[in-house]
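Below you'll find the structure, written out as structure tokens, and then a few comments.
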Amino acid sequence: MKKKEMSFNTLYKLFIYVALITLAISIIVPVGWVFLASIKENSEFYGNPWTMPKGIYFQNFIDAFQKARMGEYFLNSVLVTALALAILLIVALPAAYVLARYRFRGSKLINVLFMGGLFINVNYIVVPIFLMFVDADKWIKNLGGEGFFLNNLFIVALVYASTALPFTIYLLSGFFVTIPRDYEEAAYVDGSGYFRTMVRIMMPMAMPSIITVILFNFLSFWNEYIISMTLLTKDAKTLPVGLMQLMQAQKAAANYGQLYAGLVIVMLPTLILYIMVQKKLTQGMSLGGLKG
């Protein structure tokens, strides 16, 4: 009986290792191929696509930044993502803390509404948001002003933060619930108020969950395409929209090196951030999922 259990466990572990190695290869090979393709000259793409580059051709990145305006789009994405994360954390942290630690009239209803927001796909409400902003801009122009809601990076960041609130509050609330109340009671005895207790005691303890929220939402905001394409109709564009335009242009021009350089510019910040916070990410996910 024990031999059968041991053989079963061995086969199960072998299956897990094979599955994980296969998954890792399926992710690493395409990403590595894109990085290698970004430093190839255009003539190298007409041979075997798996050959190593003859040298490092940085002109692809220079052309992507200058000719394809990827540098401008990169700065727009940085600004929008940073603003969206700042707005999201300023709103979500106090809201999640209050909903997790206090009970008041209407708190259950607010919790239900936020949880209901988890089931609303933002892509389904982009058109109503766009039409609402169009009407608002028309009203402002009728008063003699200029349009404000469309082609405004701050408004895009505000929409990003608003649509990410349900998931963020859900994750942070799940972590705040697990913290014993003894910490708050000790802070109150020492004369600390509600706001100071939240900022000085609870938020530092919730740092793993906060880092998890920042990473997930950074990935979402950085790679978002539909909202930015809809609300930014003029020159101010984010990286995903600029990359799509670059792909359409370079397919016709057959300038593949510049295209893959643009892909690297989009991917690199997310890879660097994930490598920096991967330990905190796994810790935050495990702790944020506990209820107590």
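- Between N151 and L231, every side-chain heavy-atom pair lies at or beyond the 4.5 Å cut-off.
- Between the K40 side chain and the T51 main chain, a donor and an acceptor come within less than 3.5 Å of each other.
- With N60 contributing its side chain and Y260 its backbone, the two residues share no donor-acceptor pair below 3.5 Å.
- A donor-acceptor pair under 3.5 Å is absent between the side-chain atoms of S209 and the main chain of A206, judged by distance alone.
- For F104, the CZ atom is densely surrounded, since the number of other residues' heavy atoms within 6.0 Å is greater than 12.
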Check residues 21-34 and write down every donor-acceptor pair under 3.5 Å in which the side-chain atom is one partner and the other belongs to a residue at least two apart or another chain.
{"residue": "T22", "atom": "OG1", "partner": "V18", "partner atom": "O", "Å": "2.7"}
{"residue": "S26", "atom": "OG", "partner": "T22", "partner atom": "O", "Å": "3.4"}
{"residue": "S26", "atom": "OG", "partner": "L23", "partner atom": "O", "Å": "2.6"}
{"residue": "W33", "atom": "NE1", "partner": "P49", "partner atom": "O", "Å": "2.9"}

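- Between S38 and F35, the shortest heavy-atom contact is OG-O, 2.6 Å.
- Here the straight-line distance linking atom CD1 of I155 with atom CD1 of I227 works out to 13.0 Å at 0.5 Å rounding.
- Linking Ile, Leu, Val, Met, Phe, Trp and Tyr whenever their side-chain heavy atoms come within less than 4.5 Å puts I125 and L150 in one cluster.
- Of all heavy-atom pairs between F65 and I265, the closest is CE1-CD1, 3.5 Å.
- Both I272 and M70 are assigned to one and the same hydrophobic cluster, defined by single-linkage of ILVMFWY side chains at heavy-atom distances under 4.5 Å.
- Taking CE from M202 and CD1 from I179, the interatomic distance works out to 4.0 Å, rounded to the nearest 0.5 Å.
- T233 places no side-chain N or O within donor-acceptor distance of the main-chain N or O of M229, the cut-off being under 3.5 Å.
- Between the side chain of S228 and the main chain of Y225, a donor-acceptor pair closer than 3.5 Å is present.
- E224 contributes a side-chain N or O that, together with a main-chain N or O of I226, makes up a donor-acceptor pair within less than 3.5 Å.
- Judged by distance alone, the side chain of N76 and the main-chain N or O of A236 form no donor-acceptor pair under 3.5 Å.
- Here the side chains of P180 and Y183 are in contact, with some heavy-atom distance below 4.5 Å.
- In this structure the side chain of V241 never reaches within 4.5 angstrom of the side chain of L232, judged on heavy atoms.
- Using a 3.5 Å distance cut-off with no hydrogens or angles, the side chains of N223 and T270 do not pair a donor with an acceptor.
- Linking Ile, Leu, Val, Met, Phe, Trp and Tyr whenever their side-chain heavy atoms come within less than 4.5 Å leaves M115 and Y124 in two separate clusters.
- Note: the hydrophobic cluster containing M132 does not contain F148 (ILVMFWY, side chain heavy atoms under 4.5 Å, direct or indirect links).
- No path of Ile, Leu, Val, Met, Phe, Trp and Tyr side chains, each step under 4.5 Å between heavy atoms, connects L113 with V122, placing them in separate hydrophobic clusters.
- Atom CZ of F218 sits about 6.0 Å away from atom OG1 of T81, to the nearest 0.5 Å.
- Put simply, CD1 on I210 and OG1 on T168 are 11.0 Å apart, with the number rounded to the nearest 0.5 Å.
- Taken from CG in L88 to OG in S162, the straight-line distance is 9.0 Å, to the nearest 0.5 Å.
- Judged as a ring pair (Phe, Tyr, Trp, His ring centres under 6.0 Å), and not counting sequence neighbours, the contacts of F149 are F133.
- Ring geometry, F58 versus F61: the interplanar angle falls from 30° to 60°, so the pair is classed tilted.
- Here the shortest heavy-atom pairing between P269 and W222 reads CG-CZ2, 3.6 Å.
- A distance of 10.0 Å separates CE of M207 from CZ of F175, quoted to the nearest 0.5 Å.
- In this structure, I16 places its CD1 atom where more than 12 heavy-atom neighbours from other residues, nucleotides or ligands lie under 6.0 Å away.
- Here M52 is tied into one hydrophobic group with L36, each link being a pair of ILVMFWY side chains closer than 4.5 Å.
- For residues 133-148, the set of pairs meeting the salt bridge (Lys or Arg N to Asp or Glu O under 4.0 Å) definition, not counting sequence neighbours, is empty.
- When atom types are taken as modelled, the side chain of S77 and the backbone of L239 share a donor-acceptor pair closer than 3.5 angstrom.
- Sorted by first and then second residue, the pairs that involve residues 77-105 and meet salt bridge (Lys or Arg N to Asp or Glu O under 4.0 Å), not counting sequence neighbours, are R101-E184.
- The side-chain heavy atoms of F74 and L79, taken from C-beta on, include no pair separated by under 4.5 Å.
- The aromatic rings of Y160 and F221 lie parallel to each other, their planes meeting at an angle below 30°, with 60° marking the opposite boundary.
- In terms of heavy atoms, A64 sits closest to A261 at CB-CB, 4.3 Å.
- Between K237 and Y73, the closest heavy-atom pair is O-CD2, 3.4 Å.
- Counting only heavy atoms from C-beta outward, the side chains of L89 and I214 approach each other to under 4.5 Å.
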Please evaluate residues F154 and I87 with respect to the criterion side chain to side chain contact (heavy atoms under 4.5 Å, CB included), reporting the C-alpha separation (whole Å), side-chain torsions for both, the decisive distance (0.1 Å), and the verdict.
CA-CA 10 Å; F154 175 77; I87 296 169; 3.9 Å; yes

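- In this structure, L153 and L83 have side chains that are not in contact, with every pair of non-hydrogen atoms separated by 4.5 Å or more.
- Screening residues 69-85 for salt bridge (Lys or Arg N to Asp or Glu O under 4.0 Å) gives R69-E72 as the qualifying pairs, with residues at least two apart or on separate chains.
- Contact detail for D63 and Q258: the closest heavy-atom pair is CB-OE1, 3.5 Å.
- Residue Y102 places its OH atom among more than 12 non-hydrogen atoms of other residues, nucleotides or ligands, all under 6.0 Å distant.
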Evaluate the side chain to side chain contact (heavy atoms under 4.5 Å, CB included) criterion for residues F114 and L99: first the C-alpha distance (whole Å), next the side-chain angles of each, then the deciding distance (0.1 Å), finally the verdict.
CA-CA 10 Å; F114 274 119; L99 291 173; 3.9 Å; yes

